[in-house]
Amino acid sequence: MFNPVDARPDLISIEHEALRRWREEGVFERLRAQTTGGPAWSFLDGPITANNPMGVHHAWGRTYKDLFQRFRASLGHELRWQQGFDCQGLWVEVNVERELGYTSKRQIEEQGLAEFISLCKQRVLTYAARQTEQSIRLGMWMDWNDPADLLKLRDALAKDPATPVTINGANGPVSGPAEQLIGRLGTPEVGGSYFTFSDENNDLIWTFLAKCHERGWLYKGSDSMPWCARCGTGISQHEMTEGYADREDQSLYFGLSLVDRPGEELIAWTTTPWTVAANVAAAVQPTLDYELVEFDGRKLWIGASRRAAALGGGAPRAKLLETRKGSELIGWKYRAPFDALPAVSEALGPDGAAHRVIAWDEVGSEEGTCIVHIAPGCGSDDHKLGVAEGLPAIAPIDESGVYLDGFGNLSGREWHEVTEDVFTHLTAAKSLLRREKITHRYPHCWRCATPLVFRLVDEWFISMGPLYEKPRDQLTKAEIEASLRYQIMAVVDRITWLPEFGYERELDWLRNMSDWMISKKRYWGLALPIYECTACGKVEVLSSRKDLEDRATAGAAALEGHTAHRPYIDEVQIDCSGCGAKVTRVPDVGNPWLDAGIVSFSTMRYREDPEYWKRWFPADFITESFPGQFRNWFYSLLAMSTVMASSEPTKTVFGYGLVVGADGRAMHKSWGNSIEFDEAADRMGADVMRWLFVGSRPEENVHFGWEAADETRRRLLVLWNVYAFLVGQAASAGWTPKGSGATAKGRSVMDRWILSRSAELAASAERSFTAYDAYSAVRRLEQGIDEISTWYLRRTRERFAPDAPAKDRDAAFDTLHQALLTLLRVAAPIAPFLTDAIYRNLASAGLADSTGTSQVVGGAERPLAAAIRAGEAPGSIHLLHWPTAESVPWRDEALEASMDRIIRAAELGRSVRSLANIRTRQPLARARVVLGVSGSDEAELREILADELNVKSVEAVGDASGLFERRVKVLLPKVGKRLGGSTQAVMQAARDGAVEFLASGAVRIAGVDLAADEIEVQAVPREGQHVAEDDGLVVELDTALTPELISEGDARELMRAVQDLRKLAGLRREDRIELQATGAKAPLATHLAAIAAAVGAQNIQEVDRDPVGEEWHRGSVPLSAGEATLAIRRVTE
RNA sequence: GGGGGGAUAGCUCAGGUGGUUAGAGCUCCGAGCUUAUAUCUCGGCGGUCCCUGGUUCGAGUCCAGGUCCCCCUACCA
């Protein structure tokens, strides 16, 4: 017997109950054991940053990750089940700094690096534990660490890195000093999630970097980089995405005095006043015209096209003195307002002697003064230009954005504070012409939103190699060999990108990207294994920690017992292999995408178990939200796999969009459209959330909100209702799956149909999931829920009644049971909680004990129904094999096609009734149909249609022409050209029906003859016919009413009214009633027995007036002879 | 700045190569069906197909110009 089921399920508590059961019964562990040895299906998880609680946007991707893993496991594949945490990098530092209340790097160094880095590790462990719990709540099955273990490690580390700790490992407890154990997280021995701060991860990045160095791709570059003064670090090109925001600044026009043309000045324009002191050159466009004008006593050179704009309101006062091409200005020497500063004269010679006018093609005619202020120390184009022109550079600020010594009263001040002083100075020097507020897009730090500045810095890069000006297929081997960029592109070619545009986007990024900046002047991250000798300049890159330990000649003791992080690793020195001098590591840490990019090696035992690595690499599948990942994880994964193995890291990349608020805008707490993961899990539940995500088109953004969740929940509740009906009726009828002897053969059309649809569902969903198209699977599932509910169950309801014939009833129960179970199994990867809860009850008669059976249930050899009968059904739906194979014998495509026409004919019939204004309840004598259904099931199908349409008979007719008039549709694409100017007249005549039918199908319209293949004769219902047509399907209703039909209609009307009353009275199905009616004599006389049976009446009376008494429930109903009044009361025994 | 994609019902979007009554889903309104149901079925309301001009017998569709939005990419005084 099934457990009784509530009409309205509490989805949230069902989920918690399932989580508890999975944990207690070790369901996931049993699935792993069951699939061990199966063909490998390799999923590689992109690490989630363990820096904050998980958001609903993570839940989208994690749902995909989980459902494809569950699906593959149900096909018998062996999986690795490993997910990962991203641990190192600036984002963790920024949060730890915020917690400590720090505002600059200096405070970190003052506090001590060891303490700071320990706090970073602790934060990662805190949120790794938190995200683990949240992911489990989402239903994500992975080889999770016990969150308590992670917190235990964190607390031990906080106390003392050497504290001995014991945690649960892959094969029993593992122990070690806290810090060292943390470094071993994710190894085969410890098991669980991988952590990118692990020893193995960092060590393999060293190997990668050493390989790059071997090939000559690693270099130190000096460049003007975007720099965040708060974080004290350069921002790489990869990080610049979404870094721009509008900002209001003071722009200024200022004069530069020409040396050889006394009294004349060049007017330059800038939006960054703080860079004026670093001016070295002035760039002009050789092809543009420049004008010398006299203005307020000054003689100014300005681009001709910008004279009015540059002079502002005073422009009319200007007097033109001279015009020259830009090319004529080149080489002119000038003096700038800050030339007296010591730092400037040191760089440019006495009085700024190096200042000159240079040519630059990029100078445009639309902005500023067409004379561009060039400060090679403060801008990236400026720097390039400076290198090309052999100009010196002035780097005015330090890493905190503070002016260095030698800049007069600017020294010691922050860059953004000096604007007014610059104006004051320029005014005093009689250089300032005008200032103006402007709004422009300006780069900001993506972590802390501080405006960025450009700074001259030394950073480490991996060269992407040259970009050739010719198509890829024309490149020579040597050219490709010399360019990592093209080698990665070749790898990109071998990957299936979903959606397809991902392929082009990745290639586009590779074509456009500059060299990969891998260093950061920070603390928490990969220690770059770069050793640059200060004595001879030789650069060495160590390939592993062992390499370092072998080479160490000082400070090795400091590192002992610690992971390879700062500050301990900074103590270790090696001897330069060139000159023998002591060399210390460069202090920089690595770009965090190195950490995530190496995981297809570090987590797949690349070094310690090559056989294992070959089995799992490359991955079959990775998936992440695509905005950003083309330049981040996808990129680093590709680059590192190309260098390490010349291979694609994965066979398929599946990308999906962003989660936004219900209003389509980004989620923002202050906009009220933000939903936290925990809140969503508590209120809508994980299954609803998962279904909502998977049912969304991956290439578009999801609009996530409570209304969308309600819509999704409604769909799942229909499924629940089917289940509740089955369980409720089974209880009344005493049916259990164990007792069923029903077989598929000889079943009714409806039974065979729904089983066939179930088989199709399983097969098509398998195809969709295999193609990573979960969206289509959800669409098909929702169709399946609709079919089983609104067609199968609605049409077969009576067969489940306790007084229905037992043999047919058993067949109905068995059919519904199997169809429902099949649908649940297809839905299980998407909604793992609800499906498992329902499964457990539906299979309760035959569940094996919790140790399970050794045989996998649900394949062709061991169908689920047989296992239930034998008491060998596994304790969870997730342990079943995918249902395609066992449902193959159910398939009957011809029947599906026929039923489809019946369903559509029923819809047409209802449409006819609606137009004729005859309700379905009123029986009619006859329907005539053109169905196009034949075969042995035809009679039974017609009966279904008759019942659905409430007609006494359905007659199939071969020719429906008597029901229609002919209308001629002119096929314009065929004849339009020929008709030309007479087209309109012909069309009008055709619309009016002024058509003359000629022999052999031709027609004459408006005097024009049209051949049979130039027209289409259409059928429109003849006036007065109750007929509808769609795609060759025709339904016509005989609307003539006889007294018998009217009486029967009244009877049904009355039953319906009584049922409504019963519902209002809150009666249950099995309750018996007494019925008293007035004004219903005729229908009661002829249909008494049918009414009594339908409404469960023990006693029916036609009375003169309504009964008295509160126990009576009253109503009325319009019958053909007039209003009837009704009263019912429950019969008490 | 460069490249790409859009603009069609209140909302989300379909509408090969031009063809005369522009569709679907959701929402809203009405009706129908129904003691499993919140589902479902039928019908209705709802459109200057962004604007201007052109080609054509005929333009949502093709061409030119303009306006606005989105994505990618770059960032420049």
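A, B, ... follow the sequence lines: proteins, then strands. Residue 1 opens every chain.
For A:Phe454 and A:His383, the gap between ring centers reaches or exceeds 6.0 Å. Centroid-to-centroid, the aromatic rings of A:Phe800 and A:Phe813 come within less than 6.0 Å.
Note on A:Trp509: only backbone sugar-phosphate atoms sit closer than 4.0 angstrom, heavy atoms only; bases stay farther off. Within 4.0 Å (heavy atoms only), A:Val363 reaches at least one base atom of the nucleic acid. Residue A:Lys977 is classed as a base contact, given a heavy-atom separation below 4.0 Å to a base. Using a 4.0 Å heavy-atom distance criterion, A:Gly364 is classed as a base contact. As judged by a 4.0 angstrom heavy-atom cut-off over every strand, A:Arg1052 is placed among residues touching the sugar-phosphate backbone only. Note on A:Asp382: nothing from the nucleic acid sits closer than 4.0 angstrom, heavy atoms only. A:Arg713 comes within 4.0 angstrom of no nucleic acid atom, judged by non-hydrogen atoms across all strands. Within 4.0 Å of A:Ser789, counting heavy atoms only, lies at least one base atom of the nucleic acid. As judged by a 4.0 angstrom heavy-atom cut-off over every strand, A:Gln984 is placed among the base-contacting residues. Looking at heavy-atom distances under 4.0 Å, A:Gly981 makes contact with sugar-phosphate atoms alone, never a base. A:Arg913 comes within 4.0 angstrom of nothing in the nucleic acid, heavy atoms only. When heavy atoms are screened at a 4.0 angstrom cut-off, A:Leu979 is found touching no nucleic acid atom at all.
The side chain of A:Ser911 contributes an N or O atom lying less than 4.0 Å from OP1 or OP2 of B:G43. Taking only side-chain nitrogens and oxygens, A:Arg1056 comes nearer than 4.0 Å to OP1 or OP2 of B:U35.
The side chain of A:Trp269 lies closest to B:A77, out of B:U34, B:A77, B:G19. With B:U41, B:U73, B:A77 as the choices, the nucleotide that has an atom nearest any side-chain atom of A:Asn512 turns out to be B:U73. With B:C76, B:U34, B:A74 as the candidates, the nucleotide lying closest to the side chain of A:Arg631 is B:A74. Here B:C76 is the nucleotide among B:U37, B:A77, B:C76 with the atom lying nearest to any side-chain atom of A:Phe454. Checked against B:U41, B:A38, B:A77, the side chain of A:Glu907 finds its nearest nucleotide in B:U41. Residue A:Arg991 has its side chain nearest to B:U21 when only B:A36, B:U21, B:C72 are considered.
The distance from atom OH of A:Tyr792 to atom P of B:U37 is 18 Å, rounded to the nearest whole Å. Residue A:Ile358 contributes atom CD1, which lies 12 Å from atom C1' of B:A77 at whole-angstrom precision. For the pair A:Lys1063 NZ and B:U37 P, the interatomic distance rounds to 4 Å; values are reported in whole Å. A:Glu782 has its CD atom 10 Å from the P atom of B:C40, to the nearest Å. Counting to the nearest Å, the C1' atom of B:A36 and the CD1 atom of A:Ile785 are 15 Å from each other. Whole-Å rounding puts the A:Glu798 CD to B:U34 P distance at 10 Å. For the pair A:Arg978 CZ and B:G58 C1', the interatomic distance rounds to 17 Å; values are reported in whole Å. A:Met225 places its CE atom 13 Å from the P atom of B:A74, with the value rounded to the nearest Å.
If A:Asp1060 and A:Cys370 are placed on RNA chain B by their nearest nucleotide, the residue sitting closer to the 5' end is A:Asp1060. In this structure, A:Pro973 and A:Arg1068 both approach RNA chain B, and ranking their closest nucleotides by distance from the 5' end singles out A:Pro973.
In this structure, A:Lys1063 does not pair ionically with A:Asp1060, as no charged nitrogen and carboxylate oxygen lie closer than 4.0 Å. A salt bridge between A:Asp381 and A:Lys384 is present, with a side-chain N of the basic residue lying under 4.0 Å from a carboxylate O of the acidic one. Between A:Lys969 and A:Glu1014 there is no salt bridge, since none of the side-chain N atoms of the basic residue sits less than 4.0 Å from a carboxylate O of the acidic one. Salt bridge absent: A:Arg1052 and A:Glu1048 never bring a charged side-chain N and a carboxylate O closer than 4.0 Å.
Separation of the C1' atoms belonging to B:A9 and B:G3 is 33 Å when rounded to the nearest angstrom. Rounded to the nearest Å, the gap between the C1' atom of B:A7 and that of B:C50 is 6 Å. Comparing B:A74 with B:G58, their P atoms sit 48 Å apart, to the nearest whole Å. Straight-line distance between the P atoms of B:G47 and B:C40: roughly 26 Å, to the nearest whole Å. On the C1' atoms, B:G44 is 23 Å away from B:U48, given to the nearest whole Å. For the P atoms, the distance linking B:G65 with B:A22 amounts to 30 Å, nearest Å. Here, B:G60 and B:U67 have their P atoms 24 Å apart, quoted to the whole Å. Only the C1' atoms considered, B:U56 is 31 Å distant from B:A24, to the nearest whole Å.
At distances below 3.5 Å, not a single donor-acceptor pair connects side-chain atoms of A:Arg306 with backbone N or O atoms of A:Cys370. Remark: side-chain polar atoms of A:Glu948 are not paired, donor with acceptor, to backbone N or O of A:Arg795 under 3.5 angstrom. Distance alone, capped at 3.5 Å, places no donor-acceptor pair between the A:His1026 side chain and the A:Leu1037 backbone.
Checked by atom type, the side-chain pair A:Tyr792/A:Asp786 shows no donor-acceptor distance below 3.5 Å. When only modelled atom types and interatomic distance are considered, A:Ser911 and A:Ser914 share no side-chain donor-acceptor pair under 3.5 Å.
Residue A:Thr790 places no side-chain atom within donor-acceptor reach of the base of B:C40, judged by atom type and a 3.5 Å distance cut-off alone.
Judged by a 6.0 Å distance limit and a 45° cone about the ring axis, A:Arg435 is not positioned over the six-membered ring of A:Tyr253.
Here the straight-line distance linking atom OG of A:Ser251 with atom CD of A:Glu367 works out to 10.0 Å at 0.5 Å rounding.
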Here RNA chain B, pairs taken as Watson-Crick or G-U under 3.5 Å and shown with ( ), [ ] when crossing and | when to another strand, reads (((((((..((((.....[...)))).(((((.......))))).....(((((..]....))))))))))))....
Between protein and nucleotides 22-32 of chain B, what N or O pairs are separated by less than 3.5 Å?
unit_1 : atom_1 : unit_2   : atom_2 : d
B:G32  : OP1    : A:Arg919 : NH2    : 2.5
B:G32  : O2'    : A:Thr920 : OG1    : 3.2

